[in-house]
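Here's the structure we're looking at; comments come further down.
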Amino acid sequence: MEMSSLPTSLRFALNKVNGCSVNTFNINSLSESDVGSNSIIRFFLPSAGLCDMKTLKLNFSVSGTPTGSGLRFPAGIKHLISKVEVMCGSTVIAQGNNFFGLEADLKSIVRGKEVPRDSEHGEMVTRYDYTGLNIGGSANANEDYIQGLATTGPIFNCDLGDICEISPRIIPLDLLGTCEILVHTSSSNVLSRVKGPDLLGGSNPLTTVASAGSAVDFTIKNATLVANMYALEESAYTMAVSSRIRDQGAIELYIPQHIAYQQPFAGDARIGVSAMCINKLHAVFRRNNGSFDYQTQGPAVTVAGYACNAVTTASQYPWLGAGQLNVSGLAQFRGKIQHYSAPTLNPGYNDAQSAGMDYGATDVTDSLRLQFKINSAGCPQFQANQSQWNSLTKWANNTEKLCVESQIEYLHNKFVISYPLNLPTNEWERPTLSGLDTRSSSSEISLVGSGNCDTTNYDVCLLAELGTILKVGAGRSLELLN
């Protein structure tokens, strides 16, 4: 019996690599040490060595101004970044999009992975910030990180999105030429202005806009890029790769990328995409009107099902420790910029937060139905309702659970829909190009809605997840196939 035909649990096998050494580099920004909103931070990677792209991390601290304006940072520090571009020589290998924070949030929801609280500001804070400082219970107090640990160096870190999912994850940099990374910071509307640290229904709640101060802004400080690097004995691996390039003309690296389009949702949103491999389609909806308009600074939004000031304030669930006693249980909040709701007529776009999460009200007399279409072909073949989209989104992302704890949290706070156009894959598998090829035809992708569907007060952001190939040839010649 061949060992290769046995299950892994019975195999006597061992991979062995000699002369492996490891090092970590702290790369300083070529920009100013402190940059504000709508700015660019620029880095160059080392010119040689094997870089672990999966663990490439942007490290930084932040500060906020002005004081007394109720500033809160969003749930997820990546919302302070709008776009990440990667260039090798004169070739753009990862163009990114202008919705970096939204894309990261979307990935977290559909993959069922919470944003790390220890490093990425995974939750909005109430009374204590991430350095343990008591912001205070008075009205309009800031989370501003202008003293203590935050002034000594970076306190947050995050990856750089799609480029960190390149395959293989460890890349010989000497084959690519000079690698430049440009990090674009977001506008200040990603921030919230809150009255105080109380729960929904309290005296000074996060869910009410600050009663004093003015528009808030942020500064990113002490930005560095931390790269984990490897080297193998006598550069054997790099020589083997170079030999393969000579024999085959080029090697191929797989880079997943997302293109994004945002437009008002009038019941029918349309985009045109010409790509070699479309793996998935995603969509999220945000209010463009009323008290929860994502384009303006304002209060935080409570996450449905979690604790409120009183058991009768809004929907609360015992598995989150809420709903039995007043002001008890877990509480979560999100900024307006990340308030992704099902675009329903009832509950309405401008309903108070307690009424906005009540999908059992008597005025809810129809379901929300949505359907992607590629030219005239429906994806799926029917207009699925909101609960069916929950199941389809899990299927599309090969997961058993979204990053939500209740159906109303999905509908009110984290409504993301996804549809697959490729074969299912697992994280540990070699990438497979099996998605839809639209290069030979003019393909129009649309999203249509009906039933309990608001066609006036929401913007929809459509994201197409692409599989792209970077071909690396002799003399650092690069070609991106997408």
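A quick note: this is a predicted structure, and the numbers were derived from the prediction, not measured. Note that these values count all heavy atoms, side chains included, but never hydrogens, waters or copies made by symmetry.
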Give a yes or no on whether the backbone of [Y] and the side-chain of [X] come within a donor-acceptor separation of less than 3.5 Å.
X: N59; Y: L225; value: no
X: S167; Y: P431; value: no
X: T178; Y: G89; value: no
X: Q263; Y: D459; value: no
X: N413; Y: A304; value: yes
X: S39; Y: S37; value: yes
X: N142; Y: D144; value: no
X: E429; Y: N426; value: yes
X: Q257; Y: I93; value: yes
X: T399; Y: G112; value: no

Can you find a heavy atom in the side chain of [X] that is under 4.5 Å from one in the side chain of [Y]?
X: F73; Y: L80; result: yes
X: M239; Y: Y237; result: no
X: L470; Y: E479; result: no
X: Q332; Y: T302; result: no
X: L370; Y: V448; result: no
X: L402; Y: K414; result: no
X: M229; Y: P46; result: yes
X: S29; Y: V183; result: no

Are a donor atom and an acceptor atom from the side chains of [X] and [Y] found within less than 3.5 Å of each other?
X: N97; Y: E103; answer: yes
X: R369; Y: S367; answer: yes
X: S387; Y: Q407; answer: yes
X: K336; Y: T296; answer: yes
X: S82; Y: H184; answer: no

Between [X] and [Y] (salt bridge meaning N to carboxylate O under 4.0 Å), is one present in this structure?
X: R476; Y: D174; result: no
X: D105; Y: R334; result: yes
X: E465; Y: K280; result: yes
X: K107; Y: D162; result: yes
X: E180; Y: R42; result: yes

> Taking only residues two or more places apart in sequence, or in another chain, which ones meet R117 in a side-chain hydrogen bond (donor to acceptor under 3.5 Å, both in side chains)?
Replying inline: E114, E123

>> Going by the rule side-chain hydrogen bond (donor to acceptor under 3.5 Å, both in side chains), which residues pair with S186 if we only count those two or more places apart in sequence or in a different chain?
In response: none

> Under the side-chain contact (heavy atoms from CB on, under 4.5 Å) criterion, do L436 and I374 qualify, and how do the steps go?
Replying inline: CA-CA 10 Å; L436 178 66; I374 301 176; 3.6 Å; yes

Can you name the nearest heavy-atom pair linking [X] to [Y], along with the distance?
X: T55; Y: R169; answer: CG2-NH2, 3.8 Å
X: I259; Y: Y261; answer: CD1-OH, 3.4 Å
X: Q297; Y: L191; answer: CG-O, 3.7 Å
X: N222; Y: A150; answer: ND2-O, 4.4 Å
X: D217; Y: S188; answer: OD1-CB, 3.5 Å
X: K78; Y: F100; answer: O-CD2, 3.7 Å

> Under the side-chain contact (heavy atoms from CB on, under 4.5 Å) criterion, do I220 and I41 qualify, and how do the steps go?
Replying inline: CA-CA 9 Å; I220 288 182; I41 312 171; 4.0 Å; yes

> S443 and S441: side chain to side chain donor-acceptor pair (under 3.5 Å), yes or no, with the steps?
Replying inline: CA-CA 6 Å; S443 294; S441 61; 3.3 Å; yes

Sequence-distant partners of [X], ring pair (Phe, Tyr, Trp, His ring centres under 6.0 Å), two or more places apart:
X: F156; result: H121, Y145
X: F265; result: F285
X: F43; result: none

> Taking atom OG of S341 and atom CG of L368, what is their separation to the nearest 0.5 Å?
Replying inline: 11.0 Å

> Knowing that exactly one of L421, T425, N422 qualifies, which makes a side-chain contact (heavy atoms from CB on, under 4.5 Å) with N279?
Replying inline: N422

>> List the residues meeting salt bridge (charged side-chain N to carboxylate O under 4.0 Å, His left out) with K113, not counting sequence neighbours, and say none if there are none.
In response: E427

> Any ring pair (Phe, Tyr, Trp, His ring centres under 6.0 Å) pairs touching residues 373-394, not counting sequence neighbours?
Replying inline: F372-W389

>> Filter on ring pair (Phe, Tyr, Trp, His ring centres under 6.0 Å), then keep only pairs touching residues 394-423, sequence neighbours left out; what's left?
In response: H339-H412, W395-Y419, Y410-F415

>> For E32, I'd like to know if atom CD has over 12 heavy atoms of other residues, nucleotides or ligands within 6.0 Å.
In response: no

> Taking atom NZ of K394 as the centre, does the number of heavy atoms from other residues, nucleotides or ligands within less than 6.0 Å exceed 12?
Replying inline: yes

Using the side-chain contact (heavy atoms from CB on, under 4.5 Å) criterion, which residues pair with [X]? Sequence neighbours excluded.
X: S477; value: none
X: Y230; value: C20, V22, L50, D52, I170
X: S406; value: Y317, W319, I408, E409

>> Between L58 and I81, is the side-chain contact (heavy atoms from CB on, under 4.5 Å) condition met? List the steps.
In response: CA-CA 11 Å; L58 176 67; I81 301 171; 3.8 Å; yes

> Among pairs that include at least one residue of residues 17-27, which meet side-chain hydrogen bond (donor to acceptor under 3.5 Å, both in side chains), considering only residues two or more places apart or in two chains?
Replying inline: T24-N228, N26-T224

> Which is it for I171 and L253 under the side-chain contact (heavy atoms from CB on, under 4.5 Å) test, yes or no, and what are the steps along the way?
Replying inline: CA-CA 9 Å; I171 304 301; L253 287 69; 3.4 Å; yes

> Could R286 and Y294 be counted as a cation-pi pair, given that NZ or CZ must be under 6.0 Å from the ring centre and within 45° of the axis?
Replying inline: yes

